[in-house]
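Accompanying notes for the structure given below.
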Amino acid sequence: MERFTEDVVKIIKNIPAGRVMTYGQIAKLAGSPRGARQVVRILHSMSKKHNLPWHRVINAKGEIGLKEEEGVFIQKMALEEEGVAFIKNNKIDLHKYRYTPDVKDDFN
């Protein structure tokens, strides 16, 4: 597994319940600020294998990034079960729910 992939998996595993991170935020923390699409790929291909809390990763607008209705419903339900509240247009208040690991947490 590549270093970037390892770091992304580690970062996602460490997102606490009731908090979210964005694809771009994870990519930047893992050392590739322009690697948001890579994070999407990793989530898609490795969530089950690594038991990742995939539902805690959203887009930069505070929205669920999935397109299919069933996936959106499942992700929204999982986040709500952890106490994340949605505001209008199914958005999440990133100021309230975004997880920002301490600088001392070295994922690289």
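Every value quoted in this text rests on a predicted model; they were computed, and no experiment measured them.
- Atom CD of Glu63 and atom CZ of Phe86 lie 10.5 Å apart (nearest 0.5 Å).
- Results of the side-chain contact (heavy atoms from CB on, under 4.5 Å) test with Leu66 over Ile74, Ile58, Val72, Asn59 single out Val72 as the only residue that passes.
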Verdict with reasoning, Met21 to Leu29, per side-chain contact (heavy atoms from CB on, under 4.5 Å): CA-CA 11 Å; Met21 289 182 77; Leu29 192 59; 4.2 Å; yes
Show the numbers, then the answer: is there a side-chain contact (heavy atoms from CB on, under 4.5 Å) between Trp54 and Gln75? CA-CA 8 Å; Trp54 62 271; Gln75 186 170 7; 3.6 Å; yes
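- The heavy-atom pair separating Lys91 from Lys61 by the smallest distance is CE-O, 3.7 Å.
- In this structure the side chain of Leu52 reaches within 4.5 angstrom of the side chain of Lys13, judged on heavy atoms.
- The shortest side-chain heavy-atom distance between Pro101 and Asn14 does not fall under the 4.5 Å cut-off.
- Nearest heavy-atom pair, Asn90 versus Lys76, reported as atom, atom and distance to 0.1 Å: OD1-NZ, 2.5 Å.
- Glu68 CD: more than 12 foreign heavy atoms inside a 6.0 Å radius.
- Contact record, Ala27 with Phe4: O-CE1, 3.7 Å, taken as the closest heavy-atom pair.
- Taking 4.5 Å as the limit, some side-chain heavy atom of Thr5 sits within range of a side-chain heavy atom of Met46.
- Residue Thr22 holds its OG1 atom at 10.0 Å from NZ of Lys28, rounded to the nearest 0.5 Å.
- Residues Ile15 and Val57 have side chains in contact (heavy-atom distance under 4.5 Å, counting atoms from C-beta outward).
- Atom CD1 of Ile11 is separated from atom OH of Tyr99 by 10.0 Å, given to the nearest 0.5 angstrom.
- In terms of modelled atom types and a separation under 3.5 Å, the side chain of Arg56 and the main chain of Val20 share no donor-acceptor contact.
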Please assess Gln25 against Thr100 for the test side-chain contact (heavy atoms from CB on, under 4.5 Å), listing each intermediate value before the final yes or no. CA-CA 9 Å; Gln25 180 186 8; Thr100 305; 3.8 Å; yes
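- Of the inter-residue distances, the one linking His55 atom NE2 with Ser47 atom OG reads 10.5 Å to the nearest 0.5 angstrom.
- Under the side-chain contact (heavy atoms from CB on, under 4.5 Å) rule, Tyr23 has a single partner from Val39, Val8, Ile42, which is Val39.
- The distance from the NZ atom of Lys10 to the NE2 atom of His50 is 14.0 Å, given to the nearest 0.5 Å.
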